[in-house]
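What follows is one structure encoded as structure tokens, with my remarks underneath.
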Protein chains: 2
Amino acid sequence: MAAVTHGAKKATLAEVAAQAGVSLATASKALNNQPHVSDATRKRVHEAAEQLSYIPNAQARSLISGHTNSIGVITSDLTGRFCTPILLGAEDELGVTSNTVLLCNARGDALLERNHLSFLLSRNVDGLLIVGDETTPRPHLDTPDHVPVVYAYAPSADPNDCSIACDNVEAGAMAVNHLISCGKRKIAIIGGSDTTAGAHNLRLGSPKASQDRLQGAMRALHEANLEPAGPVRFSQWSESWGRAATRLLLDQNVDFDAVVCQSDEIARGCMSVLHDRGIDIPGQVAVIGHDNRSLLAPDADPPLTSIDNCTEEIGHVAARALLDAINGKPHHGTEYVSCRLVQRDSTLPN
Amino acid sequence: MAAVTHGAKKATLAEVAAQAGVSLATASKALNNQPHVSDATRKRVHEAAEQLSYIPNAQARSLISGHTNSIGVITSDLTGRFCTPILLGAEDELGVTSNTVLLCNARGDALLERNHLSFLLSRNVDGLLIVGDETTPRPHLDTPDHVPVVYAYAPSADPNDCSIACDNVEAGAMAVNHLISCGKRKIAIIGGSDTTAGAHNLRLGSPKASQDRLQGAMRALHEANLEPAGPVRFSQWSESWGRAATRLLLDQNVDFDAVVCQSDEIARGCMSVLHDRGIDIPGQVAVIGHDNRSLLAPDADPPLTSIDNCTEEIGHVAARALLDAINGKPHHGTEYVSCRLVQRDSTLPN
DNA sequence: TTGAAAGCGCTAACAA
DNA sequence: TTGTTAGCGCTTTCAA
């Protein structure tokens, strides 16, 4: 509250004690609001601390307590696309218990990852959050038993680990069900990446996500006794693929009144081609995307309905799971966080 | 290298020393590769450490050394748009000296910012990186003299502080000069936000950026004895504003053969309207954007030329400046990092 | 209610 | 070359 003028160097507890005319032990108790200190003394110590802009030394404290009130985050997400919201959610959750976050970027390099790990362990983090950038399970990370680990977004391949992931199968089903509820029956699907090799880079994204979303979409279609309109094609997550795939549908005279695009990029490409051909959205063809990317969906023309994977919520849940584990109640297995439909004008009911 | 099986709990140096049959001091020297230790002993100690999966305790070390090899980052960037690349660049730079990054999100709240500050100070960070989310100068942060601070992206209002920012004036000039070099002479400008009140939120962005980019653009135009085609209007950084502004230009019969859009969002909106009206890009009208956002520029139709503000480079430079300050060579004042033209098909020369 | 002393894990003088 | 000792800043018995 008070406008603290920061002095030249840090004051120690010993200096505060001296200034207040008490012993080290008493000063410690007074500042930590422990009992068995007279009100007068407590007041004097607090004043002395204020005067000297005393800041307790966290290193010394955790040397004694054995914990650091901090967690380590290792991410392989260069773009920050998943990492940022997850971190935001995690910080939200951890903030309550005064936790800090130590960030390390492994850039997808396993060796670098191990280096970062040692680094964080030497700093005695109370827990570890491993944030991946795709939904394909990643290898288990070998860590000491006494530090809990939670995997976020990219789950661990080891079912005994605790992982928090998004539910792309549900997302796929949700997209289709929404279109059906809008009165559409002839639903085309434009897939994302389908590279089965490991050669998927950032722009291509994860084939697992496209398969999961497809699976959910097919399930929902079948439950409604429907089949997708036209063939489902995969290539990339990009706008240009969205344009190309839409042209294919149109030029091959596929009869469709809605399109599920497996990403917002694809959806934008799709919309621009429909626009070119004078097809009304959503009247003639409704379009729905995935990921609800703020740069692409809300301000499209018309605004694009999209399925939000709730990455921030993943951060919340993961942080809560980590806190639980730190407090002796570890979770096991993969927990899926539900996605959310964000309806906009590209899928208005007929 | 070796496949370490992490044991139940952490081994201490004392245990390593015992296992190797040497004293604490010798074990310390051996592991820290200090001289005055026989090769045989050194070997034995290293083996013992390996066996026990010994991980040195950073707290204990920094209690002695006085520094932590870690820097604190306070950001107000919720989206991670600037924060992520800056962090990436900074980590690149710091990695060499084995630095960690402690991340705190202040969400633009001054009180929260002070809390985070105390937190980081109690952790004895060696330096502080303050990452803002707009180019408008931010208030100086009152910190102890002994911990160096560098402001990134949003510079400090105090000229004595060290700030690393992007050069939006240069960016504006660069856009115009590029269009001129493409043979365009009738250049329209669509501005971003111009809210003079403090009411600019995330989507609106900073009016300072739009003014700076305008200033640079006007300078470049004047140097070529040109005036902007039509009026320069400001409203938002959004696609819909790009569409609206372009329609205005067209409907008011402004004669233009190029458009500088102060953001890629605006540029995309502009392009879609030009497209609708059957105007060829770049043949009839060239379009250039700002920010080079990977989601918007490279895969547009045609791919959008844009000015990249090089945020990752800002992170590099900021980290270097911080390292310098930590090593006793503080920088002062605001250093501007140059932006970069990324040419794509939306501005091919005639 | 207060204070003296031990010790968290480690490094760095200094002594042997 | 090796070991002993003091102490980094703090908390925590335990005794006064």
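To find a chain, count down the sequence lines: A is the first, B the second, and so on, and within it residues start at 1.
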For this session: Check the distance between dT1(D)'s P and K43(B)'s NZ and give it to me in whole angstrom.
Result: 18 Å
Exercise. Taking NZ, NE, NH1 and NH2 as the nitrogens, is one of them in R107(A) or E91(B) under 4.0 Å from a carboxylate oxygen of the other?
Worked result: yes
Exercise. Taking atom types as modelled, is there a side-chain donor on D161(A) or H332(A) under 3.5 Å from an acceptor on the other?
Worked result: no
Exercise. So, R138(B) and E113(B), do they make that salt bridge, N to O below 4.0 Å?
Worked result: yes
Exercise. Between the side chain of N124(B) and the main-chain N/O of T68(B), is any donor-acceptor distance below 3.5 Å?
Worked result: no
For this session: Determine, for nucleotides 3-12 of chain D in 5'-to-3' order, which nucleotides have protein heavy atoms under 4.0 Å from the base (write B), from only the sugar-phosphate (write S), or from neither (write -).
Result: BB--BBBBBB
Exercise. Does the side chain of T41(B) get closer than 4.0 angstrom to OP1 or OP2 of dT1(D) through an N or O atom?
Worked result: no
For this session: Using only heavy-atom distances, determine whether the side chains of D77(A) and T79(A) contain a donor-acceptor pair under 3.5 Å.
Result: yes
For this session: Evaluate the criterion side-chain hydrogen bond (donor to acceptor under 3.5 Å, both in side chains) for residue pair R123(A) and N69(B); output intermediate values, then yes/no.
Result: CA-CA 11 Å; R123(A) 291 225 136 69; N69(B) 279 346; over 6 Å; no
For this session: Take atom CZ of R42(A) and atom C1' of dT2(C), then tell me their distance rounded to the nearest Å.
Result: 13 Å
Exercise. Would you say S38(B) reaches dT2(D)'s phosphate, i.e. side-chain N/O to OP1/OP2 under 4.0 Å?
Worked result: yes
Exercise. dC8(C) C1' sits how many Å from H67(A) NE2, rounded?
Worked result: 13 Å
